[in-house]
Amino acid sequence: MKITLITVGKIKEKFYNDAIDEYKKRLNRYCRLEIIQVADEKTPDGAGQALERQIKEKEGERILSNIRDGAYVIALAIQGKMLDSVELAKKVDSLAVGGVSQVVFIIGGSLGLSDQVLRRADYQLSFSKMTFPHQLMRVILLEQIYRSYRILTNQPYHK
């Protein structure tokens, strides 16, 4: 299975990149992993709702242009469904068994995801009601994907 992460913005901190590289290396034995970074839009202080919507739409267009037909799309969204690690593993497994060859996870920018992206998503996943920096969320998501494969292959992994 191919797992694609589409994320808004670049990672600037070395420690995040080091963690991402480590999980990319670990996941290499379970799936083909691709990470696509699309440019973020600068949000001026005091931006109104109309400008914020325009920014999300621009970022959303960039995201959508990187989704291939037939891909199963999981958008990370606060309003999405919360799963524990075993449930996420079962979700990944059921997609693979069902013949899905590519799963795309989407992490939005600082304003979240556009309505267009949320409509395109086949599933909305929430990790928490809290908001996390998108750089950290990449690491958390990769760790949970790795944990899913460890669960599915009955291999030990720390709790």
Side-chain angles (χ1 to χ4, degrees), residues 1-43 52 55-56 59-60 62-64 66-68 71-96 100-159:
M1 177 181 282
K2 181 175 185 178
I3 304 280
T4 302
L5 270 61
I6 301 177
T7 63
V8 176
K10 291 184 179 179
I11 302 274
K12 298 176 183 95
E13 294 85 356
K14 182 182 182 326
F15 60 92
Y16 285 131
N17 278 317
D18 290 345
I20 290 166
D21 288 343
E22 177 63 27
Y23 283 109
K24 283 166 60 175
K25 183 175 74 178
R26 292 181 186 193
L27 280 164
N28 192 39
R29 64 191 297 203
Y30 300 107
C31 65
R32 292 188 334 269
L33 179 68
E34 174 185 35
I35 299 176
I36 299 170
Q37 297 180 124
V38 300
D40 59 341
E41 292 289 317
K42 301 300 175 215
T43 306
E52 286 186 357
I55 289 169
K56 287 196 297 187
E59 291 174 349
R62 291 180 189 134
I63 291 167
L64 292 170
N66 284 284
I67 299 173
R68 295 186 185 101
Y72 187 90
V73 177
I74 300 175
L76 274 61
I78 289 174
Q79 69 273 19
K81 183 169 171 56
M82 285 192 217
L83 303 176
D84 64 27
S85 297
V86 172
E87 290 170 325
L88 180 61
K90 288 178 182 176
K91 178 81 174 161
V92 169
D93 188 48
S94 71
L95 292 170
V100 172
S101 61
Q102 182 183 22
V103 176
V104 176
F105 289 90
I106 300 173
I107 301 173
S110 61
L111 298 175
L113 295 169
S114 70
D115 289 340
Q116 294 169 281
V117 172
L118 293 173
R119 280 193 302 272
R120 171 57 183 91
D122 297 294
Y123 193 84
Q124 291 183 30
L125 176 66
S126 176
F127 276 75
S128 171
K129 291 183 180 183
M130 294 183 271
T131 303
F132 297 101
H134 65 271
Q135 302 95 326
L136 178 59
M137 199 63 236
R138 289 185 210 186
V139 176
I140 294 169
L141 175 59
L142 287 170
E143 189 280 334
Q144 284 298 301
I145 294 169
Y146 174 69
R147 185 179 294 270
S148 292
Y149 280 109
R150 298 294 288 191
I151 290 167
L152 292 172
T153 55
N154 295 315
Q155 295 177 318
Y157 188 61
H158 62 80
K159 296 185 183 211

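Rounding to the nearest 0.5 Å places CZ of Phe127 at 13.0 Å from CD1 of Ile78. Summarising the geometry, atom CE belonging to Met82 is positioned 11.0 Å from atom CD belonging to Gln79; distances are rounded to the nearest 0.5 Å. Atom CG of residue Leu141 and atom CD1 of residue Ile74 lie 8.5 Å apart, to the nearest 0.5 angstrom. Taken from CD1 in Ile6 to CZ in Arg62, the straight-line distance is 13.5 Å, to the nearest 0.5 Å. In this structure, CG on Leu111 lies 6.5 Å from NZ on Lys56, to the nearest 0.5 angstrom. For the atom pair Leu64 CG and Leu113 CG, the distance stands at 9.5 Å (nearest 0.5 Å).
The side-chain heavy atoms of Tyr30 and Ile145, taken from C-beta on, include no pair separated by under 4.5 Å. Looking only at side-chain heavy atoms (C-beta outward), Leu33 and Leu5 come within less than 4.5 Å of each other. Counting heavy atoms from C-beta on, the side chains of Tyr123 and Leu83 come closer than 4.5 Å. Under the 4.5 Å side-chain criterion, counting only non-hydrogen atoms from C-beta, Tyr146 is not in contact with Glu22. Side-chain atoms of Leu27 and Ile3, non-hydrogen and from C-beta on, never get closer than 4.5 Å to each other. In this structure, the side chains of Lys24 and Ile35 come closer than 4.5 Å at one or more pairs of heavy atoms. With a 4.5 Å cut-off on side-chain heavy atoms, Gln37 and Ile11 count as touching. For the pair Lys12/Gln135, no side-chain contact is recorded, criterion being any heavy-atom separation below 4.5 Å from C-beta on.
When all heavy atoms are compared, the tightest approach of Asp122 to Ala71 is OD2-O, 3.6 Å. Residues Gly109 and Val8 share a closest heavy-atom pair of N-CB, 3.6 Å. For Thr4 against Lys2, the heavy-atom pair with the smallest separation is OG1-CE, 3.8 Å. Of all non-hydrogen atoms in Ser85 and Ser148, the two that sit nearest each other are O-OG, 4.2 Å. Ser126 and Gly80 get closest at one heavy-atom pair: CB-O, 3.4 Å. Between Gln124 and Ala77, the closest heavy-atom pair is OE1-CB, 3.9 Å.
Counting only distance, with no hydrogens or angles, the side chain of His134 and the backbone of Ile107 share no donor-acceptor pair below 3.5 Å. In this structure, Glu41 contributes its side chain and Glu59 its backbone to no donor-acceptor pair below 3.5 Å.
The environment of Lys91 atom NZ is dense: over 12 non-hydrogen atoms of other residues, nucleotides or ligands sit within 6.0 angstrom. Counting non-hydrogen atoms of other residues, nucleotides and ligands closer than 6.0 Å to NZ of Lys81 gives a total of 12 or fewer.
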* Would Ile151 and Val86 count as a side-chain contact (heavy atoms from CB on, under 4.5 Å) if you check the C-alpha gap in whole Å, the side-chain angles of each, and the deciding distance to 0.1 Å? -> CA-CA 7 Å; Ile151 290 167; Val86 172; 4.2 Å; yes
* Worked verdict on Arg120 versus Gln116 for side-chain contact (heavy atoms from CB on, under 4.5 Å) -> CA-CA 6 Å; Arg120 171 57 183 91; Gln116 294 169 281; over 6 Å; no
